[in-house]
S.K.: 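Below you'll find the structure I mean.
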Amino acid sequence: MKKQSRFWSPILFVCAFAVVGANAQSFRVQCPASTITHPAANNNSEPHYTGATSFAACTPGKPIPGSSVLCPASGVYPSGNVNGAIKCQQVSGGDGYATMGDGTQTYTFSFGPLSGLADIANGLPGTEFPNIFNTPYTGATLQPGDPATADKASDSPYLQGNFSGPLSFNYNGAIGQVPDADCLADPACKSQILANGIDGHVDPRQIMDVGVMNGNIPAPLMALDEDDEFFLTLTNVGMIMRPDLFEQHTIHFHGYPNASAFYDGVPDASVAINIGGSFTYYYLAPDAGTYFWHCHITPPEHLQMGMVGQIYVRPRQNRWSGDLYSGLQAQQMDLRTKCDSSTDILCSNPLPAVRTNATNNGTQKYAYNDGDGSTRYDVEYPLQIHGFDPNFHFVGMTFNPEGFSDMRDKYFLLNGRSYPDTVSTGPQATQTVDGAMHYAQPLNSIINIPVGGRALLRISDLDVTEYQTLASLGIPMQVIALNAKLLRDQEGNNMYYNTNSITLGGGESLDLILDASDTNKYPSGSVFYLYTPNLDHLSNDAENFGGLMTEVRIN
């Protein structure tokens with residue numbers, strides 16, 4: 001059904017980009033400095049949480065006091081205590097290559113970063129505040145493969161295991177954003193946009209130079225805080241190795257509780273983004289937890305080919321100072337997320353049964369709004385489990401029918417890498433058909449726990465064909481949440497459990513804590529292993545000693 005004429009398709013593909021280059025408006029990006037929900041002029045930092053957002057009256061259709069944002073029809077707007085901030089990110093939909101643990105270069109359909117490039121290359125989320133996102137690039141002309149191209153001369157990161165950061169490339173704004181000269185010349189238009197002329201207008205040449213053949217495995221990492229507004233732009237740059245495929249792409253946040261149908265990414269009820277086009281998804285960050293995202297066009301194919309990534313939401317409790325139990329009581333005043341276990345049978349985060357008098361001085365980090373401090377951690381690591389069928393990926397590049405019923409994974413991946421690449425530091429680069437190196441696999445899987453510390457592992461399984469098991473040797477796993485829901489009953493009793501292995505099917509996530517606080521058992525310099533006991537998954541295709549395995553280091 002998808003295979004078009006092999007003669008005409010490449011010509012049409014080129015013509016599509018000629019239109020983009022001439023008009024420059026089919027690519028757009030959005031990251032407002034203020035909104036109705038966050039009307040303050042400065043939404044570039046995460047505010048301290050003191051209680052539910054307060055509201056004041058305004059005149060519908062007139063500017064909100066102190067802002068150019070118009071008052072909504074409801075006649076009220078957030079004022080005084082406004083929680084959360086505005087966060088933005090831009091990703092490309094296209095293709096690329098990744099290097100497997102046995103050295104094989106594998107073709108992928110994949111998402112790539114078009115904002116937060118430096119953070120993503122350093123293994124961090126690419127989600128940025130508006131003042132960072134809306135900063136035009138002022139360095140030398142961006143090159144295919146950036147940031148890998150820019151780092152090549154000084155850092156030489158391509159020898160796996162010999163990389164030492166940070167990278168020399170430090171730009172985290174949105175690729176392609178340029179001042180809108182037409183708008184700057186119009187006083188009425190200028191008054192509605194940022195002073196630097198950034199209003200979503202882009203230079204498509206920059207987007208194509210950076211976004212083409214720049215797919216990441218896993219897809220760019222995203223991280224939000226509860227109460228944030230998130231503007232996520234997907235730009236479809238096309239798949240260069242398959243010009244016969246006029247593939248649309250979408251973004252679907254799997255398990256995300258408040259996405260409307262319009263922004264849900266399921267094309268039947270939403271929209272799909274064509275080659276040469278952009279679309280900005282909007283989300284209001286819901287309950288804390290570990291979620292993930294993927295393309296919802298032909299899901300078995302696009303997930304198998306690599307269009308999968310992780311997103312997690314941090315709890316309000318991180319921004320609360322004082323007694324955690326009182327803080328959770330204060331959060332119950334917000335009707336959007338109130339959790340009343342006496343009336344809501346789906347409530348998964350009631351007040352804890354036991355008041356521990358745990359407190360936060362504003363620096364502690366928690367996985368959930370627990371109210372008792374039980375989900376506290378010192379370091380956190382996202383771990384995405386995935387698998388590749390090398391034959392399916394090869395056929396995907398050769399214009400031949402794909403064998404869906406014969407799909408069988410032989411490469412087993414943690415954050416897009418098989419052992420021993422899982423413990424190689426720094427971004428892992430692969431040379432693609434454009435002749436440039438690309439940071440295709442930026443995220444390693446090494447778990448570094450400080451002496452006496454606790455590590456939160458955010459684990460998701462995006463595998464298409466297999467159930468996957470991970471076991472911990474030496475440090476018990478305490479499972480605290482499943483599918484972004486805290487394990488707690490309606491009476492407030494914690495239902496956490498300790499185990500030495502967890503098993504997930506495709507489309508599931510869980511949060512667990514590795515507690516190394518006993519320094520007698522876990523002294524500095526200790527090394528433990530996180531691995532799969534499914535021995536056939538400890539392989540890189542036909543090569544033994546690879547697959548789902550990484551190290552847990554106490555240091």
Side-chain angles (χ1 to χ4, degrees), residues 30-88 127 129-131 133-134 191-194 224-232 256-263 280-289 313-344 346-351 360 362 366 368-369 371:
Q30 295 183 50
C31 186
S34 60
T35 65
I36 293 173
T37 306
H38 291 95
N42 181 9
N43 282 297
N44 298 313
S45 61
E46 202 69 42
H48 183 70
Y49 188 89
T50 57
T53 297
S54 57
F55 293 85
C58 59
T59 303
K62 299 294 184 180
I64 290 172
S67 172
S68 61
V69 177
L70 299 182
C71 176
S74 62
V76 295
Y77 73 99
S79 67
N81 180 39
V82 179
N83 292 304
I86 296 173
K87 304 280 179 62
C88 302
T127 315
F129 291 109
N131 65 331
F133 186 91
N134 289 321
S191 66
Q192 300 297 319
I193 66 174
L194 301 177
L224 308 174
D225 293 84
E226 280 189 283
D227 304 302
D228 284 348
E229 287 183 276
F230 186 34
F231 293 83
L232 172 62
Y256 212 68
N258 80 328
S260 70
F262 188 66
Y263 295 116
T280 298
Y281 294 84
Y282 170 81
Y283 305 94
L284 189 63
D287 299 337
V313 180
R314 306 180 188 100
R316 293 172 178 153
Q317 190 167 290
N318 286 355
R319 314 195 309 270
W320 175 269
S321 293
D323 179 69
L324 297 183
Y325 191 92
S326 299
L328 190 52
Q329 287 179 313
Q331 294 179 52
Q332 302 288 11
M333 300 302 294
D334 189 325
L335 298 181
R336 185 177 66 87
T337 55
K338 180 181 179 182
C339 184
D340 185 351
S341 60
S342 63
T343 58
D344 182 3
L346 298 179
C347 173
S348 62
N349 193 30
L351 290 169
N360 187 10
Y366 304 89
Y368 288 85
N369 295 306

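Note that the structure is a prediction, hence the values are computed from the model and not measured.
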S.K.: For A330, check side-chain contact (heavy atoms from CB on, under 4.5 Å) against everything at least two apart and list the hits.
M.R.: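 Scan of A330 (side-chain contact (heavy atoms from CB on, under 4.5 Å), adjacent residues dropped) gives W320.
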S.K.: Only counting residues at least two apart or in another chain, list the ones meeting ring-ring contact (aromatic ring centres under 6.0 Å, His included) with F55.
M.R.: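 None.
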S.K.: One pair to check against side chain to side chain contact (heavy atoms under 4.5 Å, CB included): D287 and N349. What are the steps and the verdict?
M.R.: CA-CA 10 Å; D287 299 337; N349 193 30; over 6 Å; no
S.K.: With S74, which residues qualify under side-chain contact (heavy atoms from CB on, under 4.5 Å), at least two apart?
M.R.: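 For S74, the residues satisfying side-chain contact (heavy atoms from CB on, under 4.5 Å) (neighbours in sequence not counted) are P72, V76.
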S.K.: With sequence neighbours excluded, what pairs up with F231 under the ring-ring contact (aromatic ring centres under 6.0 Å, His included) test?
M.R.: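 Per chain and number, F231 pairs via ring-ring contact (aromatic ring centres under 6.0 Å, His included) with Y282.
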S.K.: Test your reading of the model: is there a side-chain donor-acceptor pair from D225 to the backbone of R314, 3.5 Å cut-off?
M.R.: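 Not at all, since once roles are kept as given, no pair shorter than 3.5 Å links the two residues.
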S.K.: With sequence neighbours left out, what residues match Y281 under side-chain hydrogen bond (donor to acceptor under 3.5 Å, both in side chains)?
M.R.: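 If we apply the side-chain hydrogen bond (donor to acceptor under 3.5 Å, both in side chains) test to Y281, skipping adjacent residues, there are no hits.
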S.K.: Set out, in order, the CA-CA distance, both residues' side-chain angles and the distance that settles side chain to side chain contact (heavy atoms under 4.5 Å, CB included) for L224 and Y283, then state yes or no.
M.R.: CA-CA 10 Å; L224 308 174; Y283 305 94; 5.6 Å; no
S.K.: Closest approach of A285 and V313, non-hydrogen atoms and distance?
M.R.: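 Closest approach of A285 to V313: CB-CG1, 4.4 Å.
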S.K.: Nearest 0.5 Å, please: how far is CG in N360 from CG in D323?
M.R.: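 The CG atom of N360 is 10.5 Å from CG of D323, to the nearest 0.5 Å.
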S.K.: Which residue pairs pass the salt bridge (Lys or Arg N to Asp or Glu O under 4.0 Å) test when at least one of the two sits in residues 50-69, sequence neighbours left out?
M.R.: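 Residue pairs passing salt bridge (Lys or Arg N to Asp or Glu O under 4.0 Å), neighbours aside: none found.
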S.K.: With distance as the sole test, does N134 use its side chain to make a donor-acceptor pair with the main-chain N or O of C31 at under 3.5 Å?
M.R.: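 Yes: the side chain of N134 pairs with the backbone of C31.
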S.K.: Look only at the side chain of Y77 and the backbone of P65, and say whether a donor-acceptor pair between them is shorter than 3.5 Å.
M.R.: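 No, the answer is negative, given that no donor and acceptor are paired below the 3.5 Å cut-off.
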S.K.: If you take all heavy atoms of P130 and P32, which pair is closest and at what distance?
M.R.: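 Taking every non-hydrogen atom into account, CG-O, 3.8 Å.
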S.K.: Under the rule for side-chain hydrogen bond (donor to acceptor under 3.5 Å, both in side chains), what residues qualify as partners of T35, not counting sequence neighbours?
M.R.: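 Listed in chain order: E229.
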S.K.: Could you work out, with side-chain hydrogen bond (donor to acceptor under 3.5 Å, both in side chains) as the rule, every residue matching T53, not counting sequence neighbours?
M.R.: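 Expected list: N83.
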S.K.: Taking side-chain hydrogen bond (donor to acceptor under 3.5 Å, both in side chains) as the definition, give me every residue that meets it alongside T37, ordered by chain and number, with sequence neighbours left out.
M.R.: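 With sequence neighbours excluded, T37 shows a side-chain hydrogen bond (donor to acceptor under 3.5 Å, both in side chains) to no residue whatsoever.
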S.K.: Has D228 got a side-chain atom pairing as donor or acceptor with A85's backbone, closer than 3.5 angstrom?
M.R.: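 Flag set: sc D228 to bb A85 pair under 3.5 Å.
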S.K.: For residues 42-56, pull every pair meeting salt bridge (Lys or Arg N to Asp or Glu O under 4.0 Å), keeping only residues two or more places apart or in separate chains.
M.R.: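 Salt bridge (Lys or Arg N to Asp or Glu O under 4.0 Å) check on residues 42-56 returns E46-K87, E46-R319.
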S.K.: Looking only at heavy atoms, which two atoms of P47 and G84 are closest? And how far apart?
M.R.: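 Minimum heavy-atom separation between P47 and G84: CD-O, 3.3 Å.
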S.K.: What heavy-atom pair brings P78 and P39 nearest, and what distance separates the two atoms?
M.R.: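 Answer, listing the atom of P78 first, then P39: O-CG, 3.5 Å.
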S.K.: How would you list, by chain and number, every residue that makes a side-chain contact (heavy atoms from CB on, under 4.5 Å) with C71, sequence neighbours excluded?
M.R.: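 side-chain contact (heavy atoms from CB on, under 4.5 Å) check on C71 returns C58, P60, I64.
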S.K.: Going by side chain to side chain donor-acceptor pair (under 3.5 Å), N369 matches just one of E226, Q317, Q332, R316. Which one?
M.R.: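 Testing each of E226, Q317, Q332, R316 against N369, the sole residue satisfying side chain to side chain donor-acceptor pair (under 3.5 Å) is E226.
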S.K.: Which heavy atom of T280 sits nearest a heavy atom of Y263, and at what distance?
M.R.: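 Answer, listing the atom of T280 first, then Y263: O-CE2, 3.6 Å.
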S.K.: Checking N131 now: which residues fulfil side-chain contact (heavy atoms from CB on, under 4.5 Å) with it, not counting sequence neighbours?
M.R.: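 Residues passing side-chain contact (heavy atoms from CB on, under 4.5 Å) with N131: N44, F129.
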S.K.: Please name the pair of heavy atoms, one in Q30 and one in C88, separated by the smallest distance, quoted to 0.1 Å.
M.R.: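 So the minimum-distance heavy-atom pair works out to O-SG, 4.3 Å.
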